[in-house]
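What follows is one structure encoded as structure tokens, with my remarks underneath.
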Amino acid sequence: MKRYDPRAIEKKWQKEWSDSKIYEALDNDAKPKYYALSFFPYPSGIGLHIGHTRNFTITDVVARYKRMQGHNVLQPMGWDSFGLPGENYAIKTGISPQITTKQNTDNFREQCKKLGLSIDWSREFGSTDSDYYKWTQWFFLLLLERGLAYQQESPQWWCDVCKTVLANEQVVNGCCWRHEDTPVSKKVLKQWFFKITDYADDLVAGLDGLDWPEGIKLMQRNWIGKSKGAKLSFAVAEKDRTIEVFTTRPDTLFGATYIVLAPTHPLVAEITSEAQKKDVEKYVEKAARKNEIELQEAAAKKKTGVFTGAYALNPINNERIPIWIADYVLMGYGTGAIMAVPAHDERDFEFANQYSIPIIEVVSSTTPHHGGCYSGEGIMINSGKYDGLSSAEAREQIVADLVKKKIGEEQVNYKLRDWLISRQRYWGAPIPIIHCPIDGAVAVPKKDLPLELPVMDDFQPSGDGQSPLARAKDWVETKCPTCGGPARRETDTMDGFACSSWYFLRFADPYNTEAPFSKEKAAYWLPVDLYVGGAEHAVMHLLYARMWTKVMHDAGLINFDEPFKALRNQGMLLAADGQKISKSKGNDIKPEEIIEQGYGADALRLIVLFLAPFDMSTPWSNEGLAGVFRFLQRVWTLTQRYIESENNETNSESEGALMSATHGAIKKVSRDLEVMSFNTAIAALMQFCNELYVVEKEQGFKDKKTWKFALKSMAQLLAPFAPHIAEELWAELAEKGSIHIAPWPMHNEAYLVKHTIKIAIQVNGKLRGEIEIAADSEQSVIEEEAKLNKNVADYLSSDIRKVIYVKDKLLNFVV
RNA sequence: GGGUGAGUGGCGGAAUUGGUAUACGCGACGGACUUAAAAUCCGUUGCCGCAAGGCUUGAGGGUUCGAGUCCCUCCUUGCCCACCA
């Protein structure tokens, strides 16, 4: 008998699938399309990790199931290959990112192939291919044309030792990642931004129709942070200046007892009195030196601030109120200034107590609250003519009155900031802009795209805040497309999130040289039907990709405005000890090693799905791996024994058991696949296998025809999960063609009808017995039968008040 | 501090959505095969009890004929965000 040897069969079928191109998707197929996609992986030097395995396997199982159900399935793969790790590696080793990227993607591709994924490899590309980033640059120009790209000065983290800007993740505990005792500072640089804030409303509204986890939708809503309120003007006393504040609670205006400006607010210097000047300057300087971490910590500690010596006039009653500065107000949110209402805002309350500022209550509540500050709704008091109104009514009237006097307006505010895409880095798509002393920032003509990244041999930072590209003299020095005069290229490159904001569209038409994609092919394949990946990209990537999609829609390039119909996040796979997997702890699980050890890809795929529901975090288990391998081996052995058994076509008693086990499994596995309940689907297959062993033990392989149907079905149901063994068994059972394009089996309810059923007997809801009785028996018959049960009868001493019967399930006597 | 999941055997986890709690796998124990071991196969395995039987889904309360599932209070824990005016 042949032994189950995954090493031999997996290699064989992977080659066969590749040769026969069965996973290559046709762009013009009458079958309904299904586009299944995993998150764009970054091809790191370490290779595929277990998280990728879980991610890709989930997508693949659905893709395979849909394909067998008769869909035209597209499951592509590509590489998000620009980025910091490649550049950092180049800085350390001098090996160019072009070389390491090639090695890493080759490695990733080989490792993916070893997992037996049903990917259409003919569509593969990397974001670092100039055929691809040509169109990323093209989209930059599209955004520029549509007024959605602009330049602005913006502070960046800076390391004085490296003489370079740092990304957020290179700032560790407020210091440089390479110089752990060098505090980072901020350096102001001119940067490119995409105006994602123009789409803030659309991005909120679009979430409603999406089949995404509610948690992710909520995170996006919070990130965009839409809040309705009012912008109010406070005149500065004795100065011809006004301070604009944003508030969501204009109803509490009578309770505003001071104003707070962010330390970096532009009016600070101007309004500060001579007497306070020294203190204010000291505070501003100290605040500027605080890095983000300290600011976060400050939230937990005492609030600090300083009085400017200036006063503002409350627009509603002309009260003079002091103007303070404090770092609990951020320049980046709203107008960088607030009206402080200590009676009804916790932070203001804390601050007012700290500095003995008056507190005026203006909203009374009937519900008791502790701590002295109430931020809920209530009835207005101490508010002049608004007294007695509800806070909601007062909110509207006060704003309406101030609008009339032109010192206020209704305003929607967003937490969302525009998207900074400039990176002072080498390893990214160059921004297609030429700076001309006469014409300013001029777009590179579209016919000149791609603007290729020049090959360099030194990737050290320049030391002046510019990208290493600034040293590529021949590349930088160019002519202005408008006036023809000497000009310099933009040396910043684009954020990697730009590359991953449209790649899902390129898979629809990866070889197009005339356009990023054809409208027809995009219309056929998109939107993505199922998008699977980790929750760590919940906000940024998904928000950026949605914004680009909306821009493309507005530009008439596509006929939909949401890219991902359904989104699913896989849970984290933890180490066997329940800890997070990390290289430094040495508790990582290497997928390739598991395959090579002899367990094979099929067992690996099964265990990552079987451990827990796909969206749950769960620890890895080597014993579990051995368990699923044992299961595959049992299926294999049983099929081999069937093949080698004597030919016996006669009907036997085994038929009924085989048929009900088979149809039951088809029903259960199909239903579980519909809702992505992979762990229970695999459990059902194991149970099916166990049932077949029982039949074999009792009857042998009598009735080979029915046995063949059972084993064939087993292979088919197994196919999405363990594609190699399924294909091999299919061939061994002399079935023609690939199992992966054979139609998915259908169950027949007739085989699942039971002649006798077991009914639970309860007394007062407690289980007291069980009876077996002919199906469809009358309730009265069941009742009589139940009363004969001795244990039940013991509990039925008193009068039966009520009987509840759940058909075919249970009978409950209430006494 | 805010948001959001999750607490079920020795372990990972099931439970048709209010109807027989603990499917499936692991581990453990017993048996068969073997000179022996591994592998394989066959049993047993929530807890207490010799048994009949009783008890059991983080804790406590409630609704219901009936609650792992619904409601209230609390405890533990994972993840995400964090002075958002």
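Keep in mind that the numbers below use all heavy atoms, side chains included, and drop hydrogens, waters and symmetry copies. Residue numbers start from 1 in every chain, and the chains themselves are labelled A, B, ... in the order their sequence lines are given, proteins ahead of strands.
If you take atom C1' in B/G46 and the same atom in B/G13, they sit 14 Å apart, rounded to whole Å. Here the separation of B/U35 from B/U44, taken at their C1' atoms, is 29 Å to the nearest Å. Here the separation of B/U57 from B/G68, taken at their P atoms, is 7 Å to the nearest Å. Annotation: B/G5 and B/A37 have their C1' atoms spaced 47 Å apart (nearest Å). Between the P atoms of B/G25 and B/C80, the separation comes to 34 Å (whole Å). Rounded to whole Å, the P atom of B/U69 lies 13 Å from the corresponding atom of B/A6. For the P atoms, the distance from B/C55 to B/G66 is 15 Å, rounded to whole Å. Nucleotides B/A51 and B/G60 are separated by 28 Å at their P atoms, to the nearest Å.
When every heavy atom of A/S660 is checked against every heavy atom of A/Y751, the shortest pair comes out as CB-O, 3.3 Å. Between A/S777 and A/Y805, the shortest heavy-atom distance links the atoms O-OH, 4.5 Å.
Looking at the side chain of A/L218, the nearest of the listed nucleotides B/U20, B/G12, B/G3 is B/G3. The A/K802 side chain lies nearest to B/C65 when the options are B/G25, B/C65, B/G12. Taking the side chain of A/Q762 as heavy atoms from C-beta on, and the options B/G19, B/G13, B/C26, the nearest nucleotide is B/G19. Nearest to the side chain of A/V329, among B/G13, B/A85, B/C83, sits B/A85. Among B/C26, B/A85, B/C83, the nucleotide with an atom closest to any side-chain atom of A/S227 is B/A85. The side chain of A/F246 approaches B/A85 more closely than any other nucleotide in the set B/U16, B/A85, B/C26. The side chain of A/P613 sits closest to B/A14 out of B/A14, B/C24, B/A85.
In this structure, A/M331 atom CE and B/A85 atom C1' are separated by 13 Å, rounded to whole Å. Between the P atom of B/A85 and the CD1 atom of A/I321 lies a distance of 19 Å, rounded to the nearest Å. Across the protein-nucleic acid pair, A/D672 atom CG and B/C24 atom C1' stand 12 Å apart, rounded to whole Å. The interatomic distance linking A/L810 (CG) with B/C65 (P) rounds to 15 Å, in whole Å. Atom NZ in A/K228 sits about 14 Å away from atom P in B/A85, given to the nearest Å. One can place NZ of A/K303 at 14 Å from P of B/A85, the figure rounded to the nearest angstrom. One can place CH2 of A/W620 at 14 Å from C1' of B/G25, the figure rounded to the nearest angstrom. Rounded to an integer number of Å, the gap from CE of A/M572 to P of B/C79 is 6 Å.
Between the side chains of A/D418 and A/T197, at least one donor N or O sits under 3.5 Å from an acceptor N or O.
Considering only heavy atoms from C-beta on, A/F614 stays 4.5 Å or farther from A/V61 through its side chain.
Within 4.0 Å of A/L685, counting heavy atoms only, lies no atom of the nucleic acid at all. A/G627 comes within 4.0 angstrom of the backbone, heavy atoms only, and of no base. Counting non-hydrogen atoms under 4.0 angstrom, A/E214 reaches nothing in the nucleic acid. The residue A/N812 sits close to a base: some heavy atom pair falls under 4.0 Å. In this structure, A/S621 reaches neither bases nor backbone, as no heavy-atom distance under 4.0 Å exists between it and the strands shown.
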Using the ring pair (Phe, Tyr, Trp, His ring centres under 6.0 Å) rule, take A/F721 and A/F610 through it: C-alpha gap first, then chi angles, then the decisive distance, then the call.
CA-CA 10 Å; A/F721 306 100; A/F610 183 63; over 10 Å; no
Audit row: A/D211, A/K217, salt bridge (Lys or Arg N to Asp or Glu O under 4.0 Å) steps and yes/no:
CA-CA 10 Å; A/D211 174 15; A/K217 290 198 206 178; over 6 Å; no
Could you walk me through whether A/D615 and A/R568 satisfy the side-chain contact (heavy atoms from CB on, under 4.5 Å) test, starting with their C-alpha distance in whole Å, then the side-chain angles of each, then the deciding distance to 0.1 Å, before giving a yes or no?
CA-CA 8 Å; A/D615 53 355; A/R568 295 292 181 271; over 6 Å; no
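Applying the Watson-Crick and G-U wobble criteria (two distances, each under 3.5 Å), B/A36 pairs with nothing in any strand. Base-pair partner of B/G68: not found among the strands shown (Watson-Crick or G-U wobble, both distances under 3.5 Å). Nucleotide B/U22 is matched to nothing when pairs are restricted to Watson-Crick or G-U wobble geometry with both distances under 3.5 angstrom. Pairing for B/G1 is with B/C81, a Watson-Crick or G-U wobble pair whose two hydrogen-bonding atom distances lie under 3.5 Å. Across every strand in view, B/A59 sits in a pair with B/U73 that passes the Watson-Crick or G-U test at under 3.5 angstrom. Across the strands present, B/U44 finds its partner in B/A28; the criterion is a Watson-Crick or G-U wobble pair with both atom distances under 3.5 angstrom.
The aromatic rings of A/F701 and A/Y642 sit perpendicular, their planes meeting at an angle over 60°, well past the 30° parallel limit. Ring-plane geometry between A/W324 and A/F307 is classed as tilted, the angle between the planes lying from 30 to 60 degrees on a 0 to 90 degree scale.
Here A/N679 reaches the OP1 or OP2 of B/A14: one of its side-chain N or O atoms lies under 4.0 Å away. For B/G13, neither phosphate oxygen OP1 nor OP2 lies less than 4.0 angstrom from any side-chain nitrogen or oxygen of A/T680. Between A/N690 and B/G25 there is a side-chain N or O to OP1 or OP2 distance below 4.0 Å.
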Along nucleotides 38-57 of chain B, 5' to 3', which nucleotides get a B, which get an S, and which get a -, given that the test is a protein heavy-atom distance under 4.0 Å?
--SSS----------SS---
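For A/V628 and A/M616, each mapped to the nucleotide of RNA chain B holding its nearest heavy atom, the one lying further toward the 5' end belongs to A/M616. Both A/E770 and A/D348 lie close to RNA chain B; mapped to their nearest nucleotides by heavy-atom distance, the more 5′-ward contact belongs to A/E770.
Between the side chain of A/H344 and the backbone N or O of A/V362, at least one donor-acceptor pair lies under 3.5 Å.
B/U17 adopts a syn glycosidic conformation, its chi angle falling within 90° of 0. The glycosidic torsion of B/G54 lies more than 90° away from 0, placing the base in the anti range.
When the shell of 6.0 Å around CD of A/E410 is examined, it contains 12 or fewer heavy atoms from other residues, nucleotides or ligands.
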